There are 2 protein chains.
Amino acid sequence: MTVQQSGRRERKKAATRQKIADTALRLFLERGYDAVGIRDVAAEADVAVTTLFSHFASKEALVFEQDEDFERRLTRAVTDRAPHEPLVPALRREILALVRHCTADSAAPIWRMIDASPALRKYDDSVRLRHAEALAAAIAADPTLTRSETAARTLARFVIDAYSLSREAPDPEAALDEIFPMIEAAWAAARPPHLT
Amino acid sequence: MTVQQSGRRERKKAATRQKIADTALRLFLERGYDAVGIRDVAAEADVAVTTLFSHFASKEALVFEQDEDFERRLTRAVTDRAPHEPLVPALRREILALVRHCTADSAAPIWRMIDASPALRKYDDSVRLRHAEALAAAIAADPTLTRSETAARTLARFVIDAYSLSREAPDPEAALDEIFPMIEAAWAAARPPHLT
DNA sequence: AACGTAACACTAACGGTTAGCTTTTCCTAA
DNA sequence: TTAGGAAAAGCTAACCGTTAGTGTTACGTT
């Protein structure tokens, strides 16, 4: 049983992970994602290739280092909202915040790089689907919502679609203004679950 | 200028492509997707590895050989529907047909294989997104639909979501019965485009 | 102080994919 | 009919992400 660690080990591990991520992002932005190899990143971060892969599951994952934050924020928008606050407006607020975060000037070079690389775009797609599943689980777990599993999953997909479509739109916030009324209507039309 | 070919070349090319696809699918189903290498497929189909990759962009593409059919059927459901037939019911009919096609017993082993392989699932996700874009373009091009570009893209995503969610559901057709009323409501709530 | 183990390193390989180049096969225009 | 052009296919050799196998170091515990 491992209990009560002083923390040096954990801190060193976190530092290694961060150094790898920082180095990777810097090299990718300097030379382009495709022009930088895993061996380059490992050498520049002064770690072994195997160490790099013990911290990140793939080369693409180096770019999406903080996607767990994204997922947590989404599910918390469901679970931590004020009592009796309607679901969809809460999700809309969170998606708006996330879209603003992604379209901020500081994040622009990263997203330009992602858009330029088919591998990264594909990875982003699959990440979004994972987030949709997590969101669906959070929605389905809310006892105040009397909707079926299928409706929960559907709403989750639609909300993630809103995020993705908004990011791609020329005017992201205007796109959200257009998409979320559609989602509201869809959610209102969702049937309650069958009681068997 | 190249014009008027007898067709032997094209037929041979199509035959080679088909032989590769058939061999690949057979080997994948016999031994498992991960257990069969590209070199195995090429050898068994009696072609060079480079030839294989001149017909298929990736190993995963071997499994999704006919995804262009899928895309064509979707866009035609929009463009070839009866005059003044409402859009969403037409799409619903087509999605239902496609879901039935995928969940038929004959297709079951293939989809079991896809579900078992993360690489194939990921590829399927990206294929669906491509189809959503094609569908969005078809919807946006219909002059009888007075909706914005964003609304068209949103509807396309929702429809593709319906397909994907339905395929994964325990009762696919019941899922469609639940999801499409939501899509109807969303489409009804979509704003007409701004006239500038 | 000694042991267990998590983190990291090293080498070598595997498997998908591509570049570079040659050969074969088909089409067409003289 | 044939010569020339080009598409299709072939071969070799490599690139690059990723992993297996096997130590080694550094930390935490007993």
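All values reported here derive from a predicted model rather than from experimental measurement. To find a chain, count down the sequence lines: A is the first, B the second, and so on, and within it residues start at 1.
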Notebook entry, point to check: Between A:R76 and A:R81, does a side chain to side chain contact (heavy atoms under 4.5 Å, CB included) hold up when you go through it step by step?
Noted result: CA-CA 7 Å; A:R76 283 198 182 155; A:R81 73 190 196 279; over 6 Å; no
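- Between B:Y163 and B:F70, the ring planes are perpendicular. Angles over 60° get that label, and only those under 30° would be called parallel.
- Rounded to an integer number of Å, the gap from B:R17 CZ to D:dA9 P is 12 Å.
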- Run the side-chain hydrogen bond (donor to acceptor under 3.5 Å, both in side chains) check on B:R121 and A:S126 step by step: do they pass? CA-CA 9 Å; B:R121 273 210 308 274; A:S126 71; over 6 Å; no
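- At whole-Å resolution of the value, CD in B:E10 and P in D:dA9 are 12 Å apart.
- Rounded to an integer number of Å, the gap from B:R11 CZ to D:dA7 P is 19 Å.
- A salt bridge is absent between A:R92 and A:E173: the closest approach of a Lys/Arg side-chain nitrogen to an acidic carboxylate oxygen does not fall below 4.0 angstrom.
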In 5'-to-3' order, the base (B), backbone-only (S) or no-contact (-) status of each nucleotide in nucleotides 16-25 of chain C, using a 4.0 angstrom heavy-atom cut-off, is BBBB-----B
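- Ring planes of B:F64 and B:Y123: tilted class, angle from 30 to 60°.
- At least one side-chain nitrogen or oxygen of B:T51 sits closer than 4.0 Å to the OP1 or OP2 atom of D:dG10.
- Heavy atoms of B:D40 sit nowhere under 4.0 angstrom from any nucleic acid atom.
- Across the protein-nucleic acid pair, B:I20 atom CD1 and D:dA8 atom C1' stand 11 Å apart, rounded to whole Å.
- Rounded to whole Å, atom P of D:dG28 lies 13 Å from atom NZ of A:K13.
- Taking atom CG of A:L52 as the reference point, atom P of C:dA7 lies 15 Å away to the nearest angstrom.
- Within the structure, a side-chain polar atom (N or O) of A:H55 is placed less than 4.0 Å from OP1 or OP2 of C:dC8.
- The pair A:E149-A:R153 meets the salt-bridge criterion, with a side-chain N (NZ, NE, NH1 or NH2) lying under 4.0 Å from an Asp/Glu carboxylate O.
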